[in-house]
Visitor: 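The structure is given below, and queries will be raised subsequently.
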Amino acid sequence: MNLNIEVQLCGLFFDLILIYFIVRHETVGLYSERIFKRCIVIYTGCIVLDILSVLGIVYRASLPPFVTLSLCKAYLISLVFSSYFAFVYSYSDVLHLRENEFFKKGVFALFISAAIIIVLAPVEYYHAGRVVYSHGASVVAAFVFSPIFLLSALICTIVYAKSMNPHRIKAVRTWMIIELFAAEIQFVFPHMLLVGFGSSLGLFILYAELENPEVYLDRNIGCFTLDTFNMYISQEYADIKKFSSIIVCNKEEWKLGEEQEKAILLEMAGYLNSFGGSKLFRLSRNDFVLIYDKNEQEMNEIESAVNLDVIRQRFDQGWGKAGNLNTRFLYIPDSKAAGSLDEYVAIYMRYRDSFKGEEKLKTLDESAGESIREFNNMTKEIRDALQNDRIEVFFQPIYSIETGKFVSAEALARMRGEDGKLIMPGKFIPVAEESGLIAEIGERVFEKTCRFIKDRKLYDMGIEYVEVNLSVAQCENPKLSDIYKEIMERTGLDPRYINLEITESSTLIQRSVLLDNMKKLIEAGCNFSLDDFGTGESNLNYIVDMPVKIVKFDRKMVQDYFNLERAQVVMTATVGMIKELGLKIVAEGVETEEQVEGIKALGIDYIQGFYFSKPISGNDFVEFIEKNNNGRD
């Protein structure tokens, strides 16, 4: 047997092993994965044609001339075609190249040009003993165009390194260097037919490092990994594909033994993998997602909805000895709910923890994505406002029934957009809380309030203190007291002019941290109020446990007092109880003169509301105090 055929048979053996391993594993269908499969088929075909061309040369005396010629030319074209596909694979991570039709057509046109030249150019044959090869202009053309594609692939890994998977960069570079080295040897020593073997060796390395299907699988439970999910969904949105999805939301911790948890995950994954027409991914925590690609009839939405009912029934039956694990489900019937992987993940993260009570299913449509986009836009707006000092402080005066003067105020955060218009707190405060920016806003408002009290000498106008709100996030920060004491020292403000408002909240987890902060700030000279009394779940406990000096009745509680008989009884009794504890009371949301008189008769100490003033800017507040306090006895 000819030595050259033996070398090529080694390459063919490598390729067949790769094909075997790829066929026996489930694949997710990533773009690079599909191109790699085509590369293997093309490179295998190239080796087969190489072998056939050698045999055609050896036996050309007994074959029609066009057969040997066709085999040699077909091999040379396949050699360039395989290099062309190697280049296509190399830029599979570079989205703007992958989607640029002009670029792709130009690259393909280069291959077509090479193929035409190879077909038209002459080719000659050499056969002496065990040495067999073709040569001539046609061969030179193949060995010119093929390195052009291989070098382009190498250059691509350099120019677009930031856009490419770093593992793919290393693997492609190794592959291309092996191919170029083999091509160079074969071009200089044409009797050493190493190109096919070198290509197979490069593909084998690429498979081992990057394209092994097992890389995409969670080895513990057999479904696709979170990283694979991210790559797949990014590709789906980049290619504008439609899909529906069922997200299975399990608790973060089952508090079971490690072996039992693994057994449950295996059983869940095995069950979920049994649904045809879908791909199963394991997300973070113990969550799974089933992705249904839409076929031409777009029936997957119906299929996924039917499967969802079946899946929910199965999960209600429980798993092993653990029983029902209280699994929740997010159903996204149309991928248009999000516009990208980031939006999809944001929807998942926001809604997986939003279930209330016995709620088990949320169906999310395009409004979920719109909500995420609004959230992201507002987050950007808040960051920009903080950076460009567009966070302002407005003040709402608080009236003392005893003195008949305005003796305090509540400092309220306001934000201006780039257009100079005010953005109301109802729009930006919830976003700030969810995004974690509320602490920075709170510190900014506190510092501006301290400076305002000091610079405008509000205490000389009869203002005894200003109330500043604390968010739950701030209350749970162990460094809060240190931060606020440092701000008061830096601004030179006496802490007695600050009254910090805490809001009763069921979301407050680290109450001990709050109490420690309160103790340190009280020792420094500050006081505390309990804000929005009457709206929380543990208001009586707050009054008993928290060292507050003032209790603020929520607007709804005040309004109910004037509209509901039972509310009158409850509020009257509550006022008496709070008074017996030696605490002061502020009634918020007072809007009419009748309400003012009713509050006075009830024995409440302070009144805050639109009857006197809405929240106003610092300058307007100073004018308001100067006008009203000087005109009152």
Visitor: Would you say the side-chain atoms of S435 pair up with the backbone N or O of V431, donor to acceptor, closer than 3.5 Å?
Guide: yes

Visitor: Are side-chain heavy atoms of F612 and I607 found at a separation under 4.5 Å?
Guide: yes

Visitor: For E594, does the CD atom sit with more than 12 other heavy atoms under 6.0 Å from it, leaving out its own atoms?
Guide: no

Visitor: Could you give me the CA-CA distance, side-chain angles and deciding distance for D389 and R416, then say whether salt bridge (charged side-chain N to carboxylate O under 4.0 Å, His left out) is met?
Guide: CA-CA 9 Å; D389 196 27; R416 289 197 184 273; over 6 Å; no

Visitor: When you check the gap from the basic side-chain N to the acidic O, do R390 and D384 get nearer than 4.0 Å?
Guide: yes

Visitor: Check whether F355 forms a cation-pi arrangement with K362 (NZ or CZ under 6.0 Å from the six-membered ring centre, at most 45° off the ring normal).
Guide: yes

Visitor: Are Y331 and L364 side-chain neighbours, meaning at least one heavy-atom pair lies under 4.5 Å?
Guide: no

Visitor: Compare every heavy atom of D605 with every heavy atom of K584, then report the nearest pair and how far apart it is.
Guide: CA-OD2, 3.3 Å

Visitor: Locate the shortest heavy-atom distance separating V558 from A587; write the atom from each residue and the value.
Guide: CG2-CB, 4.0 Å

Visitor: Checking ring-ring contact (aromatic ring centres under 6.0 Å, His included) for the pair Y292/F275: CA distance, chi angles, key distance, verdict?
Guide: CA-CA 10 Å; Y292 292 79; F275 290 91; 7.7 Å; no

Visitor: Do S371 and E374 meet the criterion of a side-chain donor-acceptor pair at a distance under 3.5 Å?
Guide: no

Visitor: Does W319 reach the side chain of L265, with side-chain heavy atoms less than 4.5 Å apart?
Guide: no

Visitor: Could you tell me whether the side chain of C249 reaches within less than 4.5 Å of the side chain of F329, counting heavy atoms only?
Guide: no

Visitor: With salt bridge (charged side-chain N to carboxylate O under 4.0 Å, His left out) as the test, would you mind laying out the steps for K552 and E410 before giving the verdict?
Guide: CA-CA 11 Å; K552 300 188 73 173; E410 180 177 0; 3.2 Å; yes

Visitor: Test side chain to side chain contact (heavy atoms under 4.5 Å, CB included) on N307 and L290; report intermediate values, then the result.
Guide: CA-CA 10 Å; N307 289 349; L290 277 167; over 6 Å; no

Visitor: Closer than 4.0 angstrom, basic N to acidic O: yes or no for K520 and D516?
Guide: yes

Visitor: Would the number of heavy atoms belonging to other residues, nucleotides or ligands and lying under 6.0 Å from CD of E593 be above 12?
Guide: no

Visitor: Return the CE to CD1 distance between M378 and I423, rounded to the nearest 0.5 Å.
Guide: 5.0 Å

Visitor: Has D287 got a side-chain atom pairing as donor or acceptor with N250's backbone, closer than 3.5 angstrom?
Guide: yes

Visitor: Indicate yes or no: at least one non-hydrogen side-chain atom of E392 is less than 4.5 angstrom from one of V445.
Guide: no

Visitor: Once you round to the nearest 0.5 Å, how far does CD1 of I550 lie from CG of L500?
Guide: 11.0 Å

Visitor: Between the side chain of Q568 and the main-chain N/O of Y561, is any donor-acceptor distance below 3.5 Å?
Guide: yes

Visitor: Can you find a pair of side-chain heavy atoms, one from Q608 and one from V590, that are under 4.5 Å apart?
Guide: no

Visitor: Are E434 and R350 close enough for a salt bridge, meaning some N to O gap below 4.0 Å?
Guide: yes

Visitor: Using the benzene-type ring in the case of Trp, are the ring centres of Y232 and F281 under 6.0 Å apart?
Guide: yes

Visitor: Between Q396 (side chain) and S613 (backbone), is there a donor-acceptor pair under 3.5 Å?
Guide: yes

Visitor: Would you confirm whether the ring centroid of F406 sits within less than 6.0 angstrom of the ring centroid of F624?
Guide: yes

Visitor: Can you name the closest pair of heavy atoms from I401 and I604 and give their distance?
Guide: CD1-O, 2.9 Å

Visitor: Would you find a donor on one side and an acceptor on the other, under 3.5 Å apart, between the side chain of E343 and the backbone of G339?
Guide: yes

Visitor: As a quick check of understanding, evaluate side chain to side chain contact (heavy atoms under 4.5 Å, CB included) for M415 and L422, giving each step before the final call.
Guide: CA-CA 6 Å; M415 185 175 80; L422 279 175; over 6 Å; no

Visitor: Roughly how far, to the nearest 0.5 Å, is SG of C526 from CG of L493?
Guide: 8.5 Å

Visitor: Does K479 offer a backbone N or O that forms a donor-acceptor pair with the side chain of N477 under 3.5 Å?
Guide: yes

Visitor: Using a strict cut-off of less than 4.0 Å between a Lys/Arg side-chain nitrogen and an Asp/Glu carboxylate oxygen, indicate whether E447 and R490 qualify as a salt bridge.
Guide: yes

Visitor: Please check if the side chain of Q559 supplies one atom and the backbone of G589 the other of a donor-acceptor pair under 3.5 Å.
Guide: yes

Visitor: Taking the six-membered ring of F224 as reference, does the NZ or CZ atom of R282 fall below 6.0 Å from its centre and within a 45° cone about the axis?
Guide: no

Visitor: How many angstroms lie between CG in L266 and CD in E259, if you round to the nearest 0.5 Å?
Guide: 10.0 Å

Visitor: Looking at Y459, F452, Y465, which hits ring pair (Phe, Tyr, Trp, His ring centres under 6.0 Å) with Y497?
Guide: Y459

Visitor: Kindly indicate, with the supporting measurements, whether the criterion side-chain hydrogen bond (donor to acceptor under 3.5 Å, both in side chains) is fulfilled by S617 and D620.
Guide: CA-CA 5 Å; S617 67; D620 290 343; 3.2 Å; yes

Visitor: How close do I347 and A337 get, counting heavy atoms only, and between which atoms?
Guide: CD1-O, 3.5 Å

Visitor: Dump the intermediate steps for salt bridge (charged side-chain N to carboxylate O under 4.0 Å, His left out) on E588 and K556, then the final yes or no.
Guide: CA-CA 9 Å; E588 295 184 291; K556 184 177 185 306; over 6 Å; no

Visitor: Answer yes when E267 and R314 have at least one side-chain N-carboxylate O distance shorter than 4.0 Å, and no when they do not.
Guide: yes

Visitor: Using every non-hydrogen atom in the two residues, find where F395 and V393 come nearest and quote the distance to one decimal.
Guide: CZ-CG1, 3.5 Å

Visitor: Between V622 and K457, is a side chain to side chain contact (heavy atoms under 4.5 Å, CB included) present by the stated rule, with each step listed?
Guide: CA-CA 10 Å; V622 169; K457 295 182 172 57; over 6 Å; no

Visitor: Nearest 0.5 angstrom please: I438 CD1 to F428 CZ, how far?
Guide: 7.5 Å

Visitor: Salt bridge between K627 and E623, side-chain N to carboxylate O under 4.0 Å?
Guide: no

Visitor: Do other residues, nucleotides or ligands put more than 12 heavy atoms under 6.0 Å from the CD atom of Q387?
Guide: no

Visitor: Determine whether a donor-acceptor pair (N or O, by modelled atom type, separation under 3.5 Å) exists between the side chain of R328 and the backbone of E359.
Guide: yes

Visitor: Any side-chain heavy-atom pair from T327 and F288 closer than 4.5 angstrom?
Guide: no

Visitor: Please check this pair: side chain of N286 against backbone of E252, looking for a donor-acceptor N/O pair closer than 3.5 Å.
Guide: yes

Visitor: State whether the number of non-hydrogen atoms from other residues, nucleotides or ligands found under 6.0 Å of K360 atom NZ is greater than 12.
Guide: yes

Visitor: Between Y606 and F553 (judged by ring centroids, cut-off 6.0 Å), do the two rings come close enough to count as a pair?
Guide: no

Visitor: Looking at R383, I'd like to know if its CZ atom is crowded, meaning that more than 12 non-hydrogen atoms belonging to other residues, nucleotides or ligands lie closer than 6.0 Å.
Guide: no

Visitor: Over all heavy atoms of both residues, which pair between T403 and V407 is shortest? Give the atoms and the distance, please.
Guide: OG1-CG1, 3.6 Å

Visitor: Just so I know, are the side chains of F533 and V586 near enough to count as touching, which here means a heavy-atom distance under 4.5 Å?
Guide: no

Visitor: I need the R456 CZ to I625 CD1 distance, nearest 0.5 Å.
Guide: 12.0 Å

Visitor: Does the N377 side chain pair with the main chain of R373, one donor and one acceptor, at a distance under 3.5 Å?
Guide: yes

